[in-house]
Student: 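Supplied in C-alpha cells, the structure appears directly below.
Just so it is clear, the structure is predicted and the values come from calculations on it, not from any experiment.
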Amino acid sequence: MGSHRPLFARIAIVVLTVVLFCVAAQVAATVLIRGERAKHLRELTDVAVRRSELAVGFGAATLAQLARRGVISCDPASLQAVRLQVYQHGFVKDVRIVKRDGSVICSAYSETLEFDNGRASRNEMLPSSDGTARLFRLDQINGVALGLLRDITDDRALVAIIGVSSSLYDVMPSEIHEDSNVELQLSNGQPIVGYDPLHGPPAKDVLDFTRSSKTYP
C-alpha cells in the first residue's frame with residue numbers, strides 16, 4: 001500500500017500542473033484579447049478625430065474661399081456665391097455673414113436662423129492652433145451645431161455651420177454598434193454631438209478612450 005502513495009502523489013502533481021497551466025493559458029488569452037480590443041478601440045477613436053477634423057476642414061476651406069472672393073456683404077450676388085459654396089460642401093449646412101462679436105447680419109439660408117436658440121459670444125469661441133478660425137457650440141431648437149468663425153475685416157466675419165453627426169455615426173463596427181458611445185466635445189468640455197444607443201447606466205466592464213485634435217479645439 002505504501003508503495004502506491006508516491007505514484008498517486010506524482011499523478012496529483014501532474015494533474016495540478018496541467019490545471020494551473022490551463023488556467024494560466026486562459027488568463028493570458030483573456031489579457032491578449034482585451035489588449036487587442038483596446039488597441040482596436042484606440043484606432044477607432046483616432047478615426048473619429050480625423051473625421052471630425054475633415055468636416056471642420058471643409059468648413060474652414062469654404063470660408064477661406066469666400067474670403068478670397070471678398071464676400072462680406074449681403075447683396076444678392078454675394079449670397080448666391082455663399083449658397084453655391086454650401087451646396088458644394090456637404091458638411092457645411094449654412095454660411096453667415098456676422099459682426100465681429102458673432103451677431104448675424106445675414107445668412108445663406110435665412111430660415112436656418114429660426115433654429116438657433118441663442119448665440120455664442122466671441123470670448124466663448126475657441127481658437128484653432130493656427131489662429132485662423134474659432135470654434136463654438138451653437139445651441140439650436142432641434143439639437144446642437146458646431147460653428148466655425150473666420151475674421152474677414154475689423155468688423156466683419158464669416159461663420160460656417162457644420163454638421164458632424166453623420167461622420168461619427170458609423171465609426172464603431174456593427175457588432176458593437178449598439179453597445180458603444182461616440183461623442184465629440186470642444187476642449188472646454190462642451191458636447192457637440194454624440195451617438196449613444198446605451199439608454200441607461202453603462203455596464204461595469206467599460207473601456208473609455210479619448211483623443212484630442214492637434215489642429216482644432
Student: CG/Leu148 to CE/Met125 distance, rounded to the nearest 0.5 angstrom?
Tutor: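 So the CG of Leu148 and the CE of Met125 are separated by 10.0 Å.
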
Student: Give, for atom CD of Glu111 and atom CG of Asp94, the distance between the pair rounded to the nearest 0.5 Å.
Tutor: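 Answer rounded to 0.5 Å: 8.0 Å.
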
Student: Looking at Arg100, is its backbone amide N or carbonyl O close enough to the side chain of Arg122 to form a donor-acceptor pair, meaning the two atoms are under 3.5 Å apart?
Tutor: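 Yes, because the side chain of Arg122 sits within donor-acceptor range (under 3.5 Å) of the backbone of Arg100.
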
Student: Could you grab the distance from atom OH of Tyr216 to atom OG of Ser187, nearest 0.5 Å is fine?
Tutor: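 OG of Ser187 is found 14.0 Å from OH of Tyr216.
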
Student: Measure the shortest side-chain to side-chain distance between Arg96 and Leu113 over non-hydrogen atoms and say whether it is less than 4.5 angstrom.
Tutor: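 The answer is yes, as the side chains (C-beta and beyond) meet within the 4.5 Å cut-off.
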
Student: Take Asp101 and Arg119, measure what side-chain contact (heavy atoms from CB on, under 4.5 Å) needs, and give me the verdict at the end.
Tutor: CA-CA 10 Å; Asp101 64 358; Arg119 67 177 179 87; 4.0 Å; yes

Student: Might you point out which heavy atoms bring Pro191 and Gln185 nearest each other, and give the distance in Å?
Tutor: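 Heavy atoms of Pro191 and Gln185 come nearest at CA-CG, 3.9 Å.
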
Student: Should Ser180 and Leu44 count as side-chain neighbours, where that means a heavy-atom distance under 4.5 Å?
Tutor: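 Side-chain contact under 4.5 Å: no.
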
Student: Report yes if the side chains of Arg51 and Leu184 come closer than 4.5 Å at any heavy-atom pair, otherwise no.
Tutor: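 SC-SC contact between Arg51 and Leu184 ruled out.
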
Student: Would a single hydrophobic cluster contain both Val92 and Ile152, if residues Ile, Leu, Val, Met, Phe, Trp and Tyr are joined by side-chain heavy-atom contacts under 4.5 Å?
Tutor: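 Yes; tracing contacts between hydrophobic side chains, which count when under 4.5 Å, links both residues.
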
Student: Do Leu146 and Leu186 have side-chain heavy atoms sitting under 4.5 Å apart?
Tutor: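 Counting from C-beta outward, Leu146 and Leu186 do come under 4.5 Å.
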
Student: Could you report the tightest heavy-atom contact between Ala108 and Arg83, atom names first, then the distance?
Tutor: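 Of all heavy-atom pairs spanning Ala108 and Arg83, the closest is O-NH1, 3.3 Å.
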
Student: Heavy-atom distance under 4.5 Å between the side chains of Pro217 and Arg134, does that happen here?
Tutor: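 Contact flag for Pro217/Arg134 side chains = no.
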
Student: Quick test of your reading: applying disulfide (SG to SG under 2.5 Å), list the pairs with at least one residue in residues 82-124, sequence neighbours left out, ordered by first then second residue.
Tutor: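 Listed once each, the pairs are Cys74-Cys106.
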
Student: Check residues 59-69 and write down every donor-acceptor pair under 3.5 Å in which the side-chain atom is one partner and the other belongs to a residue at least two apart or another chain.
Tutor:
| unit_1 | atom_1 | unit_2 | atom_2 | d |
| --- | --- | --- | --- | --- |
| Thr62 | OG1 | Phe58 | O | 2.8 |
| Thr62 | OG1 | His89 | ND1 | 3.3 |

Student: Within a 6.0 Å radius of atom CG on Asp155, are there more than 12 heavy atoms belonging to other residues, nucleotides or ligands?
Tutor: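 For Asp155, atom CG is crowded (more than 12 foreign heavy atoms under 6.0 Å).
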
Student: Check for a donor-acceptor pair, side chain of Thr112 on one end and backbone N or O of Tyr109 on the other, with a separation under 3.5 Å.
Tutor: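 It does hold such a pair.
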
Student: State, yes or no, whether a side-chain contact exists between Met172 and Leu41 at a heavy-atom distance under 4.5 Å.
Tutor: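 Met172 reaches Leu41 side chain to side chain.
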
Student: Where do Val98 and Leu149 come nearest, in terms of heavy atoms and distance?
Tutor: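 Shortest heavy-atom contact: CG2-CD1, 4.1 Å.
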
Student: Spell out, yes or no, whether Val159 and Ile162 are grouped together once hydrophobic residues are joined by side-chain heavy atoms under 4.5 Å, including indirect joins.
Tutor: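 Shared cluster, no.
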
Student: Answer whether the closest heavy-atom distance between the side chains of Ile161 and Leu138 falls below 4.5 Å.
Tutor: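 Yes. Closest side-chain heavy atoms under 4.5 Å.
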
Student: Is it possible for you to say whether Val82 and Phe115 belong to one hydrophobic cluster, with membership spreading through side-chain heavy-atom contacts below 4.5 Å?
Tutor: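 Each belongs to a different hydrophobic cluster.
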
Student: I want to check something: taking the side chain as every heavy atom from C-beta on, are Val193 and Glu183 in contact at a cut-off of under 4.5 Å?
Tutor: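 Sidechains of Glu183 and Val193: no contact.
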
Student: Going hydrophobic residue to hydrophobic residue with side-chain gaps under 4.5 angstrom, can you get from Val104 over to Val95?
Tutor: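 No: no chain of side-chain contacts under 4.5 Å links Val104 to Val95.
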
Student: How close do Arg137 and Ile192 get, counting heavy atoms only, and between which atoms?
Tutor: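 Shortest heavy-atom contact: CB-CD1, 3.7 Å.
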
Student: Without hydrogens or angle criteria, can the side chains of Asp116 and Gln140 be said to hold a donor-acceptor pair below 3.5 Å?
Tutor: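 Yes, a side-chain donor-acceptor pair sits under 3.5 Å.
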
Student: Kindly compute the distance separating CZ (Arg42) from CZ (Arg211), expressed to the nearest 0.5 Å.
Tutor: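 Atom-to-atom, Arg42:CZ and Arg211:CZ are 6.5 Å apart.
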
Student: Are Ser73 and Ser78 linked by a side-chain donor-acceptor pair shorter than 3.5 Å?
Tutor: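 Yes, side-chain donor-acceptor contact under 3.5 Å.
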
Student: Let me confirm one number: the CG-CD1 distance from Leu158 to Ile105, rounded to the nearest 0.5 Å.
Tutor: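 Answer for the CG-CD1 pair, Leu158 versus Ile105, is 9.5 Å.
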
Student: Taking all non-hydrogen atoms of both residues, which atom of Asp130 and which atom of Ser128 are closest, and how far apart?
Tutor: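 Looks like OD1-OG, 2.7 Å.
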
Student: Taking atom CG of Leu126 and atom CD of Gln190, what is their separation to the nearest 0.5 Å?
Tutor: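 Leu126 CG to Gln190 CD: 7.5 Å, rounded to 0.5 Å.
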
